[in-house]
Amino acid sequence: MPEGHTLHRLAGELQELVGERVAASSPQGRFAADAVDGAVVAGVEAYGKHLLVDLVDVPGVHVHLGMRGKLLRFAPVTGAPMPQVRLRLATPDVAWDLIAPSTCELLDAAGRARLLAGLGPDPLRADADPAEARRRLQGFPGSVGAALMDQSVLAGVGNVFRAEILHALRIAPDRPASRLTDAEVDALWSGLAAMMGQGVADGRIITVDVPPGQDRADVPEAVARRVYKRDACADCGTPVVTSTLQGRTVYACPRCQPA
DNA sequence: ACTGTATGACAAG
DNA sequence: TTGTCCTACAGTT
């Protein structure tokens, strides 16, 4: 489920490679792993949906999972990677296999700067500027639903978080972003920071209330969200309305989020 | 064993 | 707006 929370969680897990010399290989052959094979990992960071593995003395690796990408961890290392693995980064103790990413490329300092320049503030990053987020949201020339999906407005929000945060704040997706009140914009930022942060902690997106004592890991996927991919709104039971915006399905409750 | 669909983003037309 | 990447899984046959 690669929205921003997935990448930030992975970045946290990949800290185990920092300071380690890693063997790099590309069984699938579509990444020039020789260029980074044997390098020492200097740091791993997530910016929005992008993952940056910085290496000592050589360009870093830029990964974007796209819609289908996955990073799988094997510890101990049980054997050779599957043939479709784009990139394996491995130490003697652990292997990380990248499957089906939309991007896996070398990225030097200039490329990194160019990438980050195209991203809006990331609610999951401590160094993000909420005031900049407000400016970019209210300056967006379209609906708030479109704004939230634009990574140059906010980085890391995807289709699930869009649906759930707008529902949580009772904002209809087709409201013009320029007409959001200051209070709504601030609530979007802080609400996303909280919701996405919970996503990092859970390793998936759960927006329904979970009774104390119940393990969040036990919440079935089909009822983990309030409107996303639901037939009926989890809050009021009203049938969820779907529409299509720029090729993506938008979910909203017409009662909780009136136009 | 198939078919349809998906959390993303880009290029082409 | 559509096609593409070309995996994984849920649902259907």
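Just so we're on the same page: letters track the sequence lines, and every chain starts at 1. In this text the structure is predicted, and so the values were computed from the model without any measurement.
- At a cut-off of 3.5 Å, with distance as the only test, no side-chain donor of A:Trp189 or A:Glu184 sits close to an acceptor on the other residue.
- What separates CZ of A:Arg9 from C1' of B:dT7 is a distance of 16 Å, to the nearest Å.
- Backbone-only engagement by A:Gln151 is indicated by non-hydrogen atom pairs under 4.0 Å involving sugar-phosphate atoms exclusively.
- For the residue pair A:Ser178 and A:Gln138, no side-chain donor N or O sits within less than 3.5 Å of a side-chain acceptor on the partner.
- Between A:Arg162 atom CZ and B:dA9 atom C1' there is a gap of 14 Å when expressed in whole angstrom units.
- A:Leu245 places its CG atom 14 Å from the P atom of B:dA9, with the value rounded to the nearest Å.
- Heavy atoms of A:Phe161 sit nowhere under 4.0 angstrom from any nucleic acid atom.
- Along DNA chain C, the nucleotide nearest A:Gly247 and the nucleotide nearest A:Gln84 are compared for position; the residue whose nucleotide lies closer to the 5' end is A:Gly247.
- A:Arg225 and A:Glu164 get closest at one heavy-atom pair: CB-OE2, 3.3 Å.
- Comparing the same atom, P, in B:dT7 and in C:dG11 gives a spacing of 16 Å after rounding to whole Å.
- B:dA6 atom P lies 15 Å from atom NZ of A:Lys70, rounded to whole Å.
- Between A:Lys49 and B:dA9, a side-chain N or O to OP1/OP2 separation shorter than 4.0 Å is present.
- Remark: the A:His8 side chain and the A:Asp122 side chain contain an N/O donor-acceptor pair separated by less than 3.5 Å.
- Across the protein-nucleic acid pair, A:Leu124 atom CG and B:dT7 atom C1' stand 15 Å apart, rounded to whole Å.
- Between A:His64 and B:dG8, a side-chain N or O to OP1/OP2 separation shorter than 4.0 Å is absent.
- At least one side-chain nitrogen or oxygen of A:Arg248 sits closer than 4.0 Å to the OP1 or OP2 atom of B:dT7.
- Residue A:Arg86 contributes atom CZ, which lies 13 Å from atom P of C:dA8 at whole-angstrom precision.
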